[in-house]
> 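Okay, handing you the structure first.
This one's a predicted model, so the numbers in the text were calculated from it and none came from an experiment. Throughout, protein chains are lettered first and strands after them, A, B, ... in sequence-line order, and every chain is numbered starting at 1.
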Protein chains: 2
Amino acid sequence: MIDEISMEILKILQDKARIPNVEVSRQVGLAPSAVLERIRKMEKTGIIDGYEVRLNPERFSRSQISYIHITTRLHSSGKGTIGDQLAAIPEIQEVHFIAGEDGYLVKARTANTEELGDLLRNQIATIEGVIATRTTTVLHTYKETSRIPIR
Amino acid sequence: MIDEISMEILKILQDKARIPNVEVSRQVGLAPSAVLERIRKMEKTGIIDGYEVRLNPERFSRSQISYIHITTRLHSSGKGTIGDQLAAIPEIQEVHFIAGEDGYLVKARTANTEELGDLLRNQIATIEGVIATRTTTVLHTYKETSRIPIR
DNA sequence: TATGAAATCAACTGTTT
DNA sequence: AAACAGTTGATTTCATA
């Protein structure tokens with residue numbers, strides 16, 4: 001479904017998402033229009049999901065990463081699922097429903113622990129069906145990427 | 001340090017990282033070259049960290065997300081820190097040193113639980129100083145973005 | 001910093017294989 | 001179906017204010 005050349009294109013884009021198209025075409029040995037056509041097709045078929053700007057969290061007062069385990073009641077009523085309500089909070093970057101704990105694992109970014117407390121008390125604890133939270137505080141991040149190994 | 005116009009530009013880019021530059025310039029009311037200059041400057045000063053292609057994990061056999069708590073010995077010897085060694089594993093997207101557990105929290109993407117077992121046994125457990133691992137399996141993901149709220 | 005002119009590149013359309 | 005070439009319009013660089 002994805003041939004050698006398209007794989008090559010994806011690898012180049014993973015290294016540098018805003019590389020000029022002519023540069024990609026030079027590297028893979030095709031005409032620019034052919035490369036563009038391949039990229040458009042991969043965008044259409046969902047192989048390429050999109051493009052993101054990565055902003056420096058420290059420049060926007062978002063240095064503190066926290067992982068929050070959220071225990072919920074099994075039969076939640078309320079409007080919408082708890083997962084969707086958590087996902088709507090902008091400080092929360094990831095919401096995962098996890099096995100073995102009847103609940104969710106979410107990743108949050110705040111300026112500091114004070115804002116984290118705010119988030120826990122005023123945004124998360126108020127959601128119908130949330131029983132308890134347990135927070136893991138990040139002291140240092142060695143790696144943080146959305147890049148996946150492709151083959 | 002970041003004025004109103006640059007903030008506006010960043011918000012537009014967060015919504016659509018590959019929006020044409022003329023379109024941005026129309027929205028903020030500047031010449032295209034002026035917008036570009038501002039973007040270049042923000043790239044240089046590290047406000048913009050980079051740009052990423054988001055590939056569909058399912059198309060590349062990386063559907064399974066796992067969070068792995070790794071307990072380590074306090075005084076690790078060996079070559080390089082454990083954090084750096086974990087960061088070098090391509091299946092691992094995030095490596096965080098966490099408070100309260102003498103260890104790391106990592107996010108991994110594998111094709112399935114079999115590959116996860118492989119990763120745990122052959123790549124993680126073999127690192128000098130690693131005592132134990134505890135894995136949280138993700139069943140469903142509601143949200144997964146690197147976007148941060150800016151203000 | 002912002003601008004406008006000039007060169008390079010992107011993207012659409014045709015044509016060919 | 002995929003690659004290419006030509007045209008149109010956007011991006012980027014540069015001189016200038």
Side-chain angles (χ1 to χ4, degrees), chain A residues 1-63 145-151, chain B residues 1-63 145-151:
Chain A
M1 174 125 197
I2 308 174
D3 68 359
E4 266 306 312
I5 296 174
S6 289
M7 211 55 141
E8 197 54 45
I9 293 171
L10 289 178
K11 280 177 186 168
I12 293 168
L13 289 180
Q14 272 199 324
D15 276 337
K16 215 165 169 297
R18 283 193 86 185
I19 189 174
N21 200 33
V22 273
E23 186 57 33
V24 180
S25 67
R26 270 193 285 268
Q27 290 188 34
V28 300
L30 283 181
S33 51
V35 172
L36 197 65
E37 172 135 6
R38 280 169 176 268
I39 293 176
R40 289 286 174 270
K41 187 170 282 181
M42 290 192 283
E43 288 169 358
K44 277 224 162 121
T45 59
I47 292 167
I48 293 175
D49 241 12
Y51 305 87
E52 281 193 352
V53 206
R54 209 173 46 246
L55 302 185
N56 190 334
E58 296 180 13
R59 301 300 192 97
F60 297 93
S61 303
R62 293 275 179 271
S63 304
T145 180
S146 60
R147 183 176 183 145
I148 56 172
I150 63 178
R151 50 189 170 191
Chain B
M1 173 127 200
I2 308 174
D3 70 359
E4 267 306 310
I5 296 173
S6 289
M7 210 53 140
E8 197 55 45
I9 293 172
L10 290 176
K11 280 177 186 168
I12 293 168
L13 289 179
Q14 271 198 324
D15 276 336
K16 214 166 168 295
R18 285 193 94 189
I19 190 174
N21 201 32
V22 274
E23 186 57 33
V24 180
S25 67
R26 269 193 287 267
Q27 289 188 34
V28 299
L30 283 181
S33 49
V35 172
L36 194 66
E37 170 102 20
R38 279 167 175 270
I39 292 175
R40 290 283 176 271
K41 186 169 280 180
M42 291 192 283
E43 287 168 1
K44 277 221 160 122
T45 58
I47 292 168
I48 293 175
D49 241 12
Y51 305 87
E52 281 193 350
V53 205
R54 210 171 49 245
L55 302 184
N56 190 334
E58 298 180 12
R59 301 300 192 96
F60 297 93
S61 303
R62 255 95 184 91
S63 304
T145 180
S146 61
R147 182 175 184 148
I148 56 171
I150 63 177
R151 51 190 168 193

> Counting side-chain heavy atoms from C-beta on, which of D:dT13, C:dC12, D:dA2 comes nearest to A:Ser33?
C:dC12
> Is any NZ, NE, NH1 or NH2 atom of the basic residue among B:Arg40 and B:Glu37 found under 4.0 Å from an Asp or Glu carboxylate oxygen of the other?
no
> Answer yes or no: is there a donor N or O on one side and an acceptor on the other, between the side chain of A:Gln14 and the main chain of B:Leu55, under 3.5 Å?
no
> How many whole angstroms separate atom CD1 of A:Ile39 from atom P of C:dA10?
9 Å
> Quickly work out the A:Glu37 CD to C:dT13 C1' distance and round it to whole Å.
11 Å
> Rounded to whole Å, how long is the line connecting atom CD1 of A:Ile19 with atom P of D:dT12?
13 Å
> Among C:dA2, D:dA10, D:dA3, find the nucleotide with the atom closest to the side chain of B:Arg38.
C:dA2
> Once you apply a heavy-atom cut-off of 4.0 Å, does A:Ala31 come out as touching a base, just sugar-phosphate, or nothing?
sugar-phosphate
> Need the glycosidic conformation of C:dG14: syn if within 90° of 0, anti if not. Which one?
syn
> Nearest of D:dT11, C:dA10, D:dC4 to any side-chain atom of A:Leu30?
D:dC4
> What is the distance from CZ of A:Arg18 to C1' of C:dC9, rounded to the nearest Å?
13 Å
> Expressed in angstrom and rounded to an integer, what is the separation of A:Glu23 atom CD from C:dC9 atom P?
9 Å
> Looking at the side chain of B:Arg40, which of D:dT12, C:dC9, D:dT11 is the nearest nucleotide?
D:dT12
> Atom CG of B:Asn21 and atom C1' of C:dA2: how far apart are they, to the nearest Å?
14 Å
> Rounded to whole Å, how long is the line connecting atom CG of A:Leu36 with atom C1' of C:dA11?
6 Å
> So if I take every side-chain heavy atom of A:Arg26 and compare against D:dA2, C:dT3, C:dC9, which nucleotide ends up nearest?
C:dC9
> Test side-chain hydrogen bond (donor to acceptor under 3.5 Å, both in side chains) on B:Glu52 and A:Ser146 and set out the steps.
CA-CA 8 Å; B:Glu52 281 193 350; A:Ser146 60; 2.4 Å; yes
> Find out whether B:Arg26 and B:Pro32 are in side-chain contact, i.e. whether some heavy atom of one side chain is under 4.5 Å from a heavy atom of the other.
no
> Around A:Glu23, counting heavy atoms of other residues, nucleotides and ligands shown, do more than 12 lie under 6.0 Å from its CD?
yes
> Salt bridge check: are A:Asp49 and B:Arg59 linked by an N-O gap of less than 4.0 Å?
no
> Could you give the CD1-to-C1' distance, from B:Ile5 to C:dT3, as a whole number of Å?
14 Å
> Would the distance check show the side chain of B:Arg62 and the main-chain N or O of A:Pro149 forming a donor-acceptor pair, the cut-off being under 3.5 Å?
yes
> For DNA chain D, what string of dots and brackets results from 5' to 3' when Watson-Crick and G-U pairs need both distances under 3.5 Å, crossing pairs get [ ], and pairs with another strand get |?
|||.|||||||||||||
> Of all the choices, D:dA2, C:dA10, D:dT12, which nucleotide is nearest to the side chain of A:Lys41 once you look at every atom?
D:dA2
